[in-house]
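Shown next, in structure tokens, is the structure this report addresses.
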Amino acid sequence: MAAFRRGCARWQQVRFLGARAPGRTFAGTHHYDLVVIGGGSGGLACSREAAQLGQKVAVLDHVQPSARGTAWGLGGTCVNVGCIPKKLMHQAALLGVAMDDAGKFGWSIPGPVSHDWSTLAQAVQNYVKSLNWGHRVQLQDRKVKYFNTRGSLLDRHTVRGLDAKGTEMTLTARNIVIATGGRPRYPTHMFIHAWTEVMFGIFNKVTFALVKSHGQNLSRMEDCGASVYVGLECAGLLAGIGLDASVMVRSVALRGFDQQMAQLVTGHMEARGTRFHWGCVPTSVEKLPSGLLQVKWTEVRSDLERVEREDTFSSVLWAIGRVPETTGLNLPQVGVQLHPDTGKIVVATDERTTVSNVYAIGDVAEGRPELTPTAVKAGKLLARRLAGQSNQLMDYHSVPTTVFTPLEYGCVGLSEESAESRYGKDNIEVYHAFYKPLEFTIAERDASHCYVKVVCDRAGVQRVLGLHFTGPSAGEVIQGFAVSVRCGLTYAQLRDTVGIHPTCAEELTKIHITKRSGLDATVTGC
Amino acid sequence: MHKLAAASHPMASDAVTRFDFLVIGGGSGGLAGARRAAELGATCAVIENNRLGGTCGGNVFHVFWKVMWNTSVHAEYLHDHADYGFEGAQAHFSWQLIKNKRDAYVSHLNQIYRNNLDKARIQTIQGNARFTDDPEPTVEVSGKKYTAPHILIATGGHPSTVSDEDVPGASLGITSDGFFELESCPRHSVLVGAGYIAVEMAGILSSLGSKTSLIIRHDGVLRNFDALISSNCTKELENSGIDLWRNTQVKSVQKTEQGLNITLGTKDVKDKDAKEKTDRIQGVDCLLWAIGREPNTAGLNLSQMGVKLDPKGCIVVDEFQNTTRQGIYALGDVCGKALLTPVAIAAGRKLAHRLFEGKAESKLDYTNIPTVVFTHPPIGTIGLTEDEAIRSWGKTSVKAYTTSFTPMYYTITSRKTKCVMKLVCVGKEEKVVGLHMQGPGCDEMLQGFAVAIKMGATKADFDNTIAIHPTSSEELVTMR
């Protein structure tokens, strides 16, 4: 009887789609072929692909509210608090800068132009909500079962779901994919008396009131993980819409990226008025009666020289790295190993964890780039392998990426430092050029940070090891070059391609001055 | 006379100055060829009858073009500002201001060209060149004679015009050259032509506030481009508020006090029984002919030289830029093929390496040349159209992948534009032989893909490349 009742409960909680009969919960038959925990970039791509290949799939997605109580809908970090709102806000900032330029192009704008944050915020939120909805519809169309519940593993084939009301359910699956991503790291090593926003919060409607249209805003960056660009991007977009922004950095900006390029990016921001506090570590944040935040920090000039500083800001944003969302998943108990330093899930080249039918993709997996497209692709390839349709593994080499700072930076392949340490300085040839985008000329804009660099193997055909570009539309510029790097691009092939004129992208086909020669690398004329 | 290195200076004998390399035309192709030849040790001279830099940089086009296009891009941004939260951004446009800045920038470029030539010790000869009747190819400029074992004709082209006999009052209109002389934005512009120049100019004028009509002979613009581009561009023009007249020709033009009156005849060429309808556009202050370009070959006296011309008057060359007369070469717009600056520059350099560095096989590959048309939004194209691919390989061997989407930029604006993309693939391995797209950012997107396509990339290479997110370009590596 008890067994029958348990069986009934399972019937009630799990709805069945398609012709397949419900199975019992031991190896051989399961409710689902695949259960994905996490409805972000990786999780959704994986589940949709699997469903398309005829697998029976369920997705569990649930956003744990932040300390401030903010949460969001289906789609993960990228859609809700990452790439998408970031890019739209970056776009708003670019429009602000374009308005400065417009005057030089003959446009006269009578009267002062101001930016209303709430208009932008509302517009962005509406779009994000439409994406949340779109994802729900897509899952439905593909017959992927979606549960807005918090998932955890009971055993290697059983997933427990807990919804906001506390209702429990269990699903069994032949394979399980964990794609729970990460969350911003909160500062724990210092004394905070006031609520400050962690970077993701800036995109959420609740915090919009925080960012005033006057007053200083401080963005504090720590140099860990691939999220290092987030602080710069946010400071950049705030500055672009007319807000005063400062950036506090412990050591270097864009750690892991080519440092010469990183300096061009921050150099551009500094030239346009963003204040940088280098070598600084905050010690406390307190809320003053006025509502402003007083931040105290230590400027570390050397091992012996440390200067204490303080200033007031209307908001403080932390962008000090991200932590994997693994708590509550019950992973160690099930045998899924976590990395001792990062806490991320240890995976093999086929995304498999230490439990043979449990996989992990995206930000939660150790050693993977924290990027949407790699999670998406890894998810799709994994789905194909699980459905027995393919053996192709995800290739994480030569992943192109773009940092959407005010002066955008796009790159693919190795940084100059990585190439040097891997091949030796004498065995690489670095071609470079400082160029001036045509749009900067009339606008009389400082183009001294617009730069292209191609790092090649010095021997033989001079294979391109890395390609770097700062300038407008860097993301659009780099994508095609990433395809050619994938095809084994050589310096000669780059130079042999006819340039498109006049564009910024063509500068990559014209580079011919090497760093080794010491010659002036400034492009002149046509 | 410029100071030249002792080892290589021109010999002046019998009043004919001899160089290693004589270039007629100081535009993109001519200058590039001369500079590269000089670097390789040749004594060079460039004959130019106008401003250095030619069509591209010296006088009109390219720089002017892009500057005007950028100006109109700002117009578009200004419309979007309110949607992005900016309050108070109502703008009005000053044509004079941008013209002055543009002119200043181009003068600056002229000076750079001059400096480059001086630094390279290339002699510049001002005036009109003409081949003489001498047995050895000799060029005369303002009474002085010059010769070289290698003479390059890179005289470019000029806009075609319609005679007043064919269309009464045609000369009341201007060409693209005249566009850059305009002192103010025309209130009402009428453009004639369906090629990329007409389409670019119509877009710029329209976004800068001119009421714009475009007269085209058939039912779409850019008919030599891929069908996706042709139909999408035609649609975008209409969506942007340009008054498009299909299947129409200008019959006559009259000047009145209120401006030009233009009489049009419309007849659907596909319908044999259709009668021609007559219409009139009145009060036009600018009529712009953009009906094609012609080579600058008249006055050179080429018939004497045994240099063959094609029916349009373009100089016929082989793959190495040789004309039909030994020792005389031609490249750039005067050859009528791939009328683009970077093509002329590349061809000029390849020729210099062949003639002066002994690289007998040095030539430009004219396949897979990427082109951008600065419409709103811009067009990027390379390689074969779908129809061309089908003609070459047959329908079963050709697969085209297309996509159409609204770029994220427009998700929060009231004004919307689509992005369309097509990959034309051939064979079992799906080699990418053509890429065609129109949308914001396509101008900067194309270059990298051009490199990949020239390398022989396949659809699988595209698909195996990780996307950059969020961009529009990522759609090209995620097409299904």
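To find a chain, count down the sequence lines: A is the first, B the second, and so on, and within it residues start at 1. Predicted model, so just to flag it, every value in this text is computed and none were measured.
Only the side chain of T441(A) comes within contact range of chain B, judged by heavy atoms closer than 4.5 Å. Contacts of V451(B) with chain A are made by both backbone and side-chain atoms, with heavy-atom separations under 4.5 Å. Only the side chain of K350(B) comes within less than 4.5 Å of a heavy atom of chain A; its backbone N, CA, C and O stay farther away. In this structure, the portions of L489(A) lying under 4.5 Å from any heavy atom of chain B include both its backbone and its side chain. For chain A, no part of N100(B) is nearby; none of its heavy atoms comes within less than 4.5 Å. The part of L364(B) that comes within reach of chain A is its side chain, from C-beta onward, which places non-hydrogen atoms under 4.5 angstrom from that chain. For chain B, the nearby parts of I478(A) are the backbone and the side chain; heavy atoms of each come within less than 4.5 Å. Interface remark: I468(B) contributes backbone and side-chain atoms alike to the contact with chain A (heavy atom separation under 4.5 Å). With a 4.5 angstrom heavy-atom cutoff, A75(B) touches chain A via backbone and side-chain atoms both. Contact of L467(A) with chain B is not made at all, since no heavy-atom distance falls under 4.5 Å.
Contacts with chain B were tallied for L88(A), T401(A), T372(A); L88(A) has the most, counting heavy-atom pairs under 4.5 Å.
Ring pair F404(A)/Y409(A): centre-to-centre distance not below 6.0 Å.
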- Please step through salt bridge (Lys or Arg N to Asp or Glu O under 4.0 Å) for the pair D496(A) and K454(B), ending with a clear verdict. CA-CA 9 Å; D496(A) 229 21; K454(B) 203 172 160 71; 5.3 Å; no
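Not a single ring-ring contact (aromatic ring centres under 6.0 Å, His included) links Y410(B) to another residue, sequence neighbours left out. Taking F93(B) as the reference, W107(A) meet the ring-ring contact (aromatic ring centres under 6.0 Å, His included) condition, with sequence neighbours excluded.
Geometrically, K101(B) does not engage F105(A) in a cation-pi contact defined by less than 6.0 Å to the ring centre and at most 45° from the axis.
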